[in-house]
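Report on the following structure.
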There are 2 protein chains.
Amino acid sequence: MLKDIIENNENYQPGLSIDCVIFGFHDNQLKVLLIKVDRNPKWSLPGGFIPIDQDIDTAAVTILNDRTGVDGIFLRQFATFGKVKRNDQHFDKKVLEYLEIEEAKGKWLMRRFVTIGYYALVDFLKTIPKPSSDREIVEWIDHKEVPELILDHKEILDKALNTLRTELNLMPIGYNLLPEKFTIPELQKLYETILDKKLDRRNFLRKITNIGILKKLDEKKSNVAHKAPNLYSFDKEKYDEVLKNGLNQGW
Amino acid sequence: MLKDIIENNENYQPGLSIDCVIFGFHDNQLKVLLIKVDRNPKWSLPGGFIPIDQDIDTAAVTILNDRTGVDGIFLRQFATFGKVKRNDQHFDKKVLEYLEIEEAKGKWLMRRFVTIGYYALVDFLKTIPKPSSDREIVEWIDHKEVPELILDHKEILDKALNTLRTELNLMPIGYNLLPEKFTIPELQKLYETILDKKLDRRNFLRKITNIGILKKLDEKKSNVAHKAPNLYSFDKEKYDEVLKNGLNQGW
DNA sequence: TTTAAATGTGTTATTATGACGCAATGTACT
DNA sequence: AGTACATTGCGTCATAATAACACATTTAAA
């Protein structure tokens, strides 16, 4: 895979890559999809290169699709990272030998790479993490327990989470992270988890209801050890309208 | 200049550029610093390439400094643009001939370039627009009268302005665009110009005052054809604090 | 049947916002 | 010198949004 790309590197945008921070929500945890390649003890964000005949946004969608099997995804570019030393010594001679890549071809990889960060919000249960080879492990990891990552991937992840927190004040987000039917307490947990902060149940209900993007269903959640909460779904039309116009006008 | 870069293109990050949207405020107009090169009838955003031994942020600062002579500037990366056809036919054979660049070397320029967009807020009066050669015109242009721009520069400019509008709801901005001493009505005009919307004088005063970033000076503006407005300056310490923590908490 | 743990539906006090009114002030004009 | 004009500074009031909190209801399990 990587070897193929390197040996045909003239088909890819030079010195540029894409890294995706893929968020999911499960068990009241904000999860991040991470990858571990056997030769490296550290984990990394799923990423890839940009074919010269593809828009960068298209390339990002492709990477996401390949890893998660989900499409129709919420995907946003949030920042581009380009410190001179960001991938210093990531592909050194030893790694190239290991990958059986000729030194001449490998030079392409040893230069500074600038990477474009995208973050995605996906429905955890609809996602099937797909390793791109048998040397690779793909796993959902609680964002609070992310292990050491390669290069500046921790910085990229942090920036993505900060962006998500800010966006939470500007637009609704649950549509992409929750299943079709959900309860208000579940939605609240999602907000609390992202913001890392407790919210008042009753005030949350009022605020989220006032936005006008929820449809109360004639159905209750079953198999709960307490009063059964009502199920809701999003009113997609109004949801998209709010997404477009934003939540707070401010001035 | 460009010729030098092309002939030494191994010293620059391949396929990547930076474009800056530089905003200033003057005569109640939001101005944008634009460039016209004689060989091209269209205007463009000031931009440049990234030396392989420079962080992208540093390269952006350099571009900005070269064009405006101002340093200690507010500069933010806001998006990266990479459609496949974004610079199609921008540097064709004719242009290369005109620039006296060999075709072989010129190939570097004919590929798709991905460009990283930065926007800057600068003090109009402290800025001295500097052409980088005598073939170049650098000018402040009212953002409402921006002429046709090359490539996707209009899209980049629009995105920068939209980002600025959003940021206005998340943080204070006047510090970078206004002189040290200013009046509340001036600050309000700035907000109105950026948002393209009238605000109520009295409510604006209340809101901006409540943020707690203004220092009322013991001084009035002179030479005005009406009641002399009071002068204010920013309390830099509190200003930076609000910049860091954000304006609206939302949730 | 009782209990524990949530949920659904309020209430109240406080604060923020939007829409105004009116007096004060500095310049320009008669 | 006096008045008109444009604009500033300060204030009010009704309404909406927010934070803090109380109480009854429902479900599964003890």
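In what follows, chains are A, B, ... by sequence order, proteins preceding strands, each numbered from 1. Remember, predicted model here, so these are calculated numbers, not experimental data. Scope of the values below: all heavy atoms of this structure, side chains included, with no hydrogens, waters or symmetry mates.
A salt bridge links B/Lys83 with B/Glu155; the closest basic N to acidic carboxylate O contact falls under 4.0 Å. Using a cut-off of 4.0 Å between Lys/Arg side-chain N and Asp/Glu carboxylate O, B/Glu192 and B/Lys198 are scored as salt-bridged.
One can place CZ of B/Phe182 at 16 Å from C1' of D/dT8, the figure rounded to the nearest angstrom. Counting to the nearest Å, the C1' atom of D/dG9 and the CG atom of B/Leu231 are 14 Å from each other. Atom CD of B/Glu192 is separated from atom P of D/dT7 by 12 Å (rounded to the nearest Å). Rounding to whole angstrom units, CG of residue B/Asn230 and C1' of C/dT25 are separated by 12 Å. Between the C1' atom of C/dA6 and the CG atom of A/Leu199 lies a distance of 17 Å, rounded to the nearest Å. Nucleotide C/dA19 holds its P atom 16 Å from the CZ atom of B/Phe204, rounded to whole Å. Regarding B/Leu205, its CG atom lies at a distance of 17 Å from the P atom of D/dT7, rounded to whole Å. Following rounding to the nearest Å, A/Tyr232 (OH) and C/dT7 (P) show an atom-to-atom distance of 12 Å.
Residues meeting the side chain to side chain donor-acceptor pair (under 3.5 Å) test with B/Ser132, sequence neighbours left out: B/Glu136. Qualifying salt bridge (Lys or Arg N to Asp or Glu O under 4.0 Å) partners for B/Glu241, counting only residues two or more places apart in sequence or in other chains: none. Checked against ring pair (Phe, Tyr, Trp, His ring centres under 6.0 Å), B/Tyr175 has the following partners two or more places apart in sequence or in another chain: B/Tyr239. Residues passing the side chain to side chain donor-acceptor pair (under 3.5 Å) test with B/Asp158, sequence neighbours excluded: B/Lys154. Applying the side chain to side chain donor-acceptor pair (under 3.5 Å) criterion to B/Asp200, with sequence neighbours excluded, gives B/Arg202. Remark: A/Asp152 pairs with A/Arg86 by the side chain to side chain donor-acceptor pair (under 3.5 Å) rule, at least two apart or across chains. For B/Lys236, the salt bridge (Lys or Arg N to Asp or Glu O under 4.0 Å) partners two or more places apart in sequence, or in a different chain, are B/Asp240. Contacts of B/Lys215 classified as salt bridge (Lys or Arg N to Asp or Glu O under 4.0 Å), with partners at least two apart in sequence or in another chain: none.
Here the nucleotide nearest the side chain of A/His226, chosen from D/dT7, C/dG8, D/dT27, is D/dT27.
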When the side chains of residues 218-229 of chain B are checked against the rest of the protein, which donor-acceptor pairs come out under 3.5 Å, sequence neighbours left out?
from, atom 1, to, atom 2, distance (Å)
B/Glu219, OE1, B/Lys181, NZ, 3.1
B/Glu219, OE2, B/Lys181, NZ, 3.4
B/Lys221, NZ, B/Glu186, OE2, 2.3

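Residues from residues 216-224 of chain B lying near DNA chain C, meaning a heavy-atom separation below 4.0 Å, are B/Val224 in numerical order.
Helix bend of the helix from C/dT1-D/dA30 to C/dT30-D/dA1: the angle between its two end axes, each built from five pairs, comes to 10° after rounding to 10°.
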ask   = How does protein contact run along nucleotides 18-25 of chain D, one letter per nucleotide 5' to 3', with B for base contact, S for sugar-phosphate only, - for none, heavy atoms under 4.0 Å?
value = BBBBB--B
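As judged by a 4.0 angstrom heavy-atom cut-off over every strand, A/Ala228 is placed among residues touching the sugar-phosphate backbone only.
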